[in-house]
Amino acid sequence: MAGLNINDAPIQFNAIVLEDLHTSPEGLLNQLISKYRGEALRQVHKVVGSADFIGNPVGLFNNITAGVQDVFYEPYQGIVVGEGIQELGVGLAKGAKSLVKKTVFSVSDSFSKVTGSVSKGIPSSIFVNVRIVVGNDGSPIPSEATLKSCKKST
């Protein structure tokens, strides 16, 4: 599929530890394939969710989640590191600013990815390649493909 972009798909595979292994190379290969195929299938939603043509909802969720975390983390840092209630207020302001900034960025980024994907698909659906063959006398001879496309449009 042309124009399919996937950004920041958070796929992680866990290591496998095999101790006192008594198997053939084919058996080991089958165990590894089974383990990593299962892990890949359990994470396919992350790849699909990171696709630009649907707005990268995984990225949207991750960015908004980071903003919500900042709403709680910044005031906590203000209390722990700072001295007094004033630092709590500064932390609340920083957290709220971060939430708004990350939410606006995430929504606009998702919207731009959807519209960008749509704009990549529009030219291929609008423009039609038509070839006109000219005979010896200079008159156009429509090709079979041209005749088929004319029949579809009427």
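Throughout, residue positions are numbered sequentially from 1 according to the sequence presented.
The environment of CZ in Phe111 is sparse: at most 12 heavy-atom neighbours from other residues, nucleotides or ligands sit within 6.0 Å.
Side chain of Ser108 to backbone of Val104: a donor-acceptor contact under 3.5 angstrom is found. Although no hydrogens or angles enter the test, the distance criterion places a donor-acceptor pair under 3.5 Å between the side chain of Thr115 and the main chain of Ser112.
Note: the hydrophobic cluster containing Val114 does not contain Phe105 (ILVMFWY, side chain heavy atoms under 4.5 Å, direct or indirect links). Leu28 and Tyr36 fall within the same hydrophobic cluster, defined by Ile, Leu, Val, Met, Phe, Trp and Tyr side-chain heavy atoms under 4.5 Å apart, directly or through other members.
Nearest heavy-atom pair, Lys102 versus Asn63, reported as atom, atom and distance to 0.1 Å: CB-O, 3.6 Å. The minimum heavy-atom distance between Leu99 and Ile64, with the atom names listed, is CD1-O, 4.2 Å. What you find for Gly91 and Pro75 is that their closest heavy atoms are O-CD, 3.5 Å.
You'll find the side chain of Asp109 stays beyond 4.5 Å of the side chain of Leu60, heavy atoms only.
For Arg42, the side-chain contact (heavy atoms from CB on, under 4.5 Å) partners are Glu39, not counting sequence neighbours. With sequence neighbours excluded, the residues satisfying side-chain contact (heavy atoms from CB on, under 4.5 Å) with Lys94 are Glu74, Val90.
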Practice task
Test Lys97 against Asp70 for salt bridge (Lys or Arg N to Asp or Glu O under 4.0 Å), laying out the working first.
Solution key: CA-CA 9 Å; Lys97 178 183 174 185; Asp70 288 347; over 6 Å; no
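Distance CG/Leu92 to OH/Tyr76: 15.0 Å, rounded to 0.5 Å. Put simply, OG on Ser110 and CZ on Phe61 are 13.0 Å apart, with the number rounded to the nearest 0.5 Å.
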Taking only distance into account, with no hydrogens and no angle test, what donor-acceptor pairs under 3.5 Å do side-chain atoms of residues 12-26 form with protein atoms, sequence neighbours excluded?
residue: Ser24; atom: OG; partner: Glu26; partner atom: OE1; Å: 3.4
residue: Ser24; atom: OG; partner: Gly27; partner atom: N; Å: 3.1

